[in-house]
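Chain letters run A, B, ... following the sequence lines, proteins first, then strands; residues in each count from 1. Computed from a prediction, not measured in an experiment: that's the story for all the values here.
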Amino acid sequence: MPELAEVEFFRRRWAAGHRGRVRSVRVHPRARVFREADPARIAHALMGARLAGSEAAAKQMLFRFTGGAIGRGRSGWLGVHLGMSGELLVAPADQAPARHDHLVLVQDRRALVFRDPRMFGRIRFDVGAKPPQWWTAIAPAILSDHFTVEAVGDFLRRHARSPIKAVLLRQERFPGIGNWMADEVLWRAALHPARRSGSLRPAEVRALHRECRWVCREALARNGGRGRPLPPDLNVNLPRSWLFWHRWEDGGTCPRSGRPLARAEIGGRTTCWSPARQRLR
DNA sequence: CCAATTGTTATTTA
DNA sequence: ATAAATAACAATTG
């Protein structure tokens, strides 16, 4: 489920526990989400620690913990990737973990729950003075100054024979873009998802760059980006004018042209587009 | 039983 | 050697 703005939405949920101490940690130690971390070590380190802050980048989140068994001048860095079906929840402190709640951090007033039925998600953990390499290696954000038209053009040229849809899903240049956001961007840029990346003209590259930034900015704002109230549910504030609401409907129509939408597998993922707006070559 | 799912990564193919 | 395509991972639902 979670792409850029959705990840920020879930981070904000756990932010309810900022400044709170972890009183106990519950884990499903054999769960696949711990394939890159030692759940016993996480539980030991976080016991008594305080949630000091958090950030989101691309499809990942970083939660910083201090105190407890973590030494002075150091922090415990908890990395969360929600995969396909993961989510973060806030529950009453005494609520028993459900079947797919693989990591639960119990504070005095609430429990912070990581739930992931499909377990494509991932938990990572490190202790140190600075954020770990797996966090700092995330590509610079689409809304940062590093995401330029030139960088996009170079990247498309490097993957010239790949369909544009597949290239938009690559996190090393389009961090946080997932399947629905890629379709949304291509629809707004009026680019057919099967177009070879190397075939885009300069004006089309500029449109792609512009719509990437627009979709990221709007989706973040409407899902409670920093300084804005958190909506009650994920994506409820996206208008019906977005492709998002129509792409999975059977017999769905393009919110701009009213013409039928098409669906096919492109670049290995189910893709939705509006043939009336998005033409091949 | 079959197909589908908003993600990533290792392996195979070109 | 590099890039593109495919398989695999797991659980659930229709």
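In this structure, the CG atom of A/L82 is 16 Å from the C1' atom of C/dA10, given to the nearest Å. Protein atom CZ of A/R170 is 8 Å distant from nucleotide atom P of C/dA3, rounded to whole Å. If you measure from atom CZ of A/R124 to atom P of B/dT9, you get 7 Å, rounded to the nearest angstrom. Taking atom CE on A/M84 and atom P on C/dC9, their separation rounds to 15 Å, with Å as the unit. For the pair A/H102 NE2 and C/dC9 P, the computed distance is 17 Å after rounding to whole Å. What separates CZ of A/R158 from C1' of C/dA3 is a distance of 11 Å, to the nearest Å. Summarising the geometry, the separation between CZ on A/R161 and C1' on C/dA1 is reported as 16 Å, rounded to the nearest angstrom. Look at CZ on A/R263: it is 11 Å from P on B/dA4, rounded to the nearest Å.
Of the candidate nucleotides B/dT5, C/dA11, C/dA3, B/dT5 has the atom nearest to the side chain of A/W248. In this structure, the nucleotide among B/dT5, C/dA11, B/dG7 sitting nearest to the side chain of A/R99 is C/dA11. Checked against C/dT12, C/dA10, C/dA5, the side chain of A/R118 finds its nearest nucleotide in C/dA10. Of the candidate nucleotides C/dC9, B/dT8, C/dA5, B/dT8 has the atom lying nearest to any side-chain atom of A/Q171. Nearest to the side chain of A/K59, among C/dA4, B/dG7, C/dA3, sits B/dG7. Taking every side-chain heavy atom of A/R269 into account, B/dG7 is the closest of B/dG7, C/dA3, C/dA11. Comparing B/dT9, C/dA5, C/dC9 by their closest approach to the side chain of A/R122 singles out B/dT9. When the nucleotides B/dG7, B/dA4, C/dA5 are ranked by their closest atom to the side chain of A/T270, B/dA4 comes out on top.
Counting heavy atoms from C-beta outward, A/E204 and A/L191 have side chains that approach closer than 4.5 Å. A/H246 is not listed as a side-chain neighbour of A/C254, based on a closest heavy-atom distance of 4.5 Å or more. Side-chain contact check for A/K165 versus A/W273: every heavy-atom pair is 4.5 Å or farther apart.
Checking the phosphate oxygens (OP1, OP2) of C/dA10, no side-chain nitrogen or oxygen of A/H100 falls inside 4.0 Å. Note on A/H81: a side-chain N or O is less than 4.0 Å away from OP1 or OP2 of B/dT8.
Look at A/F120 and the base of B/dT8; the rings do not stack under the cut-offs of 5.5 Å between centres and 30° between planes.
Using a 4.0 Å heavy-atom cutoff across all strands shown, A/A160 reaches sugar-phosphate atoms only and no base atom.
Across B/dC2 and C/dA8, the matching P atoms stand 15 Å from one another, rounded to whole Å. C/dA1 and B/dT9 have their P atoms separated by 22 Å, given to the nearest Å. For the C1' atoms, the distance linking B/dG7 with C/dG14 amounts to 22 Å, nearest Å.
The partner of C/dA1, taking Watson-Crick or G-U wobble pairs whose two distances both stay under 3.5 Å, does not exist in any strand shown.
The neighbour count for A/R35 CZ, taken as heavy atoms of other residues, nucleotides or ligands under 6.0 Å away, is above 12.
With A/W248 as the aromatic partner, A/R263 does not meet the cation-pi criteria of under 6.0 angstrom to the ring centre and within 45 degrees of the ring axis. Relative to the six-membered ring of A/W77, A/R124 misses at least one condition, a distance below 6.0 Å or an angle of at most 45° to the axis.
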